[in-house]
Amino acid sequence: MTDTDASMPQGQALLDAVGAAFARLRRRTMQAPVDPPSGPKDLKRNLVLNIVDEAAEADTEMTVGGLAEHLLVDPSVASRMVSDCISHGYLVRAASQRDGRRTVLHLTQDGTALLNRFRHQQRQAFEYITRDWPESERLEFARLLLKYTDSTARLPAPGAGAARQRET
């Protein structure tokens with residue numbers, strides 16, 4: 001990192017460029033050569049499987065409605081995404097152990113295997129994209145990216161912002 005101060009014009013320009021960089025990141029990362037190659041459906045399945053996996057890791061339950069909130073999409077869109085994953089054997093619906101009236105989502109063994117394949121592909125893409133970087137920069141960027149991602153845990157839960165807006 002340079003000695004650029006965030007209050008200086010160069011620092012402001014750097015911070016202003018972050019939004020556009022995020023917009024390009026996923027799209028361009030998908031262009032990296034990985035084995036096996038990723039397709040358009042893979043991105044959607046990856047998003048769904050990661051959210052269901054994160055819920056399981058946090059010992060919470062994920063529903064189709066919860067998935068829609070996390071993805072900021074209409075419940076019908078989330079339902080179609082879930083149906084795709086179920087029809088391909090990556091997810092199953094089950095009765096909630098906490099509230100039998102609710103149906104929750106669980107990864108299958110094939111879903112876990114696909115999620116692991118996606119994660120391997122993402123590592124391949126990272127290594128390909130940063131192949132010309134010094135090893136110290138690759139590791140520092142990976143560390144900072146993980147730190148950034150961990151910091152997102154402090155953001156309001158999906159749907160919480162809408163509830164707060166209704167309260168005011």
Side-chain angles (χ1 to χ4, degrees), residues 18-130 138 141-166:
V18 170
F22 276 131
R24 291 188 306 270
L25 185 62
R26 174 65 81 170
R27 185 180 73 248
R28 290 189 180 168
T29 300
M30 293 289 294
Q31 297 169 352
V34 295
D35 185 36
S38 296
K41 286 232 179 229
D42 289 334
L43 176 59
K44 292 177 185 177
R45 290 175 183 156
N46 188 14
L47 290 170
V48 170
L49 298 181
N50 268 294
I51 291 170
V52 173
D53 186 56
E54 287 173 18
E57 285 180 9
D59 196 31
T60 60
E61 297 180 327
M62 185 53 58
T63 63
V64 173
L67 185 72
E69 287 181 1
H70 275 77
L71 292 172
L72 302 173
V73 298
D74 188 77
S76 64
V77 172
S79 181
R80 285 191 297 275
M81 293 169 79
V82 166
S83 292
D84 171 72
C85 288
I86 289 172
S87 69
H88 285 84
Y90 304 132
L91 290 177
V92 293
R93 294 180 200 260
S96 167
Q97 297 300 304
R98 297 178 182 143
D99 179 351
R101 298 169 294 176
R102 293 176 2 129
T103 300
V104 297
L105 304 169
H106 295 284
L107 288 172
T108 63
Q109 189 173 6
D110 286 347
T112 300
L114 182 62
L115 186 58
N116 288 335
R117 187 187 98 198
F118 290 149
R119 290 175 178 169
H120 179 73
Q121 288 172 321
Q122 290 160 337
R123 180 174 175 161
Q124 285 180 356
F126 179 85
E127 289 176 348
Y128 180 82
I129 292 165
T130 62
R138 293 171 86 191
F141 180 69
R143 186 187 70 74
L144 291 171
L145 183 59
L146 292 171
K147 181 179 180 179
Y148 180 88
T149 303
D150 289 345
S151 295
T152 65
R154 294 190 304 266
L155 295 172
R164 273 193 229 127
Q165 287 176 347
R166 285 191 298 268

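Below, each value reflects all heavy atoms present in this structure, side chains not excepted, and no hydrogens, waters or symmetry copies.
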Salt bridge (charged side-chain N to carboxylate O under 4.0 Å, His left out) partners for [X], two or more places apart:
| X | value |
| --- | --- |
| R101 | D99 |
| D84 | K41, R45 |
| K44 | none |
| R123 | E127 |

Can you confirm if the aromatic rings of F22 and Y148 lie within a centre distance of less than 6.0 Å?
yes
What distance do [X] atom [atom1] and [Y] atom [atom2] have between them, rounded to the nearest 0.5 Å?
| X | Y | atom1 | atom2 | value |
| --- | --- | --- | --- | --- |
| L49 | Y90 | CG | OH | 8.5 Å |
| F118 | D53 | CZ | CG | 12.5 Å |
| L105 | I86 | CG | CD1 | 6.0 Å |
| E61 | R102 | CD | CZ | 5.5 Å |
| N46 | R117 | CG | CZ | 9.5 Å |

Could you list the residues that satisfy side-chain hydrogen bond (donor to acceptor under 3.5 Å, both in side chains) with [X], not counting sequence neighbours?
| X | value |
| --- | --- |
| E54 | none |
| R138 | T130, E135 |
| Q124 | H120 |
| T149 | none |

Tell me, yes or no, whether the heavy-atom count around E57 atom CD, taken from other residues, nucleotides or ligands under 6.0 Å, exceeds 12.
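It does: E57 CD has more than 12 such atoms within range.
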Output yes when a side-chain donor or acceptor of S87 lies under 3.5 Å from a complementary backbone atom of S83, and no otherwise.
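Present.
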Before you tell me yes or no, could you show the steps for R93 and V82 under side chain to side chain contact (heavy atoms under 4.5 Å, CB included), namely the whole-Å CA-CA distance, both residues' side-chain angles and the distance that decides it to 0.1 Å?
CA-CA 9 Å; R93 294 180 200 260; V82 166; 4.0 Å; yes
Less than 4.5 Å apart, side chain to side chain, heavy atoms only: is that true for [X] and [Y]?
| X | Y | answer |
| --- | --- | --- |
| N50 | L115 | yes |
| I129 | R28 | no |
| L114 | H88 | no |

Any idea which heavy atoms bring S96 and R98 closest together, and the distance?
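So the minimum-distance heavy-atom pair works out to OG-N, 3.0 Å.
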Sequence neighbours left out, cut at 3.5 Å: what donor-acceptor pairs do the side chains of residues 29-40 make with other protein atoms?
| residue | atom | partner | partner atom | Å |
| --- | --- | --- | --- | --- |
| T29 | OG1 | L25 | O | 2.6 |
| S38 | OG | Q121 | OE1 | 3.4 |

Kindly state each residue pair satisfying ring-ring contact (aromatic ring centres under 6.0 Å, His included) with at least one member in residues 37-80, sequence neighbours excluded.
none
Once side chain to side chain donor-acceptor pair (under 3.5 Å) is applied, what residue pairs with a partner in residues 104-116 remain, sequence neighbours excluded?
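Matches after skipping sequence neighbours: none remain.
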For A55, the side-chain contact (heavy atoms from CB on, under 4.5 Å) test, sequence neighbours excluded, returns T60, M62
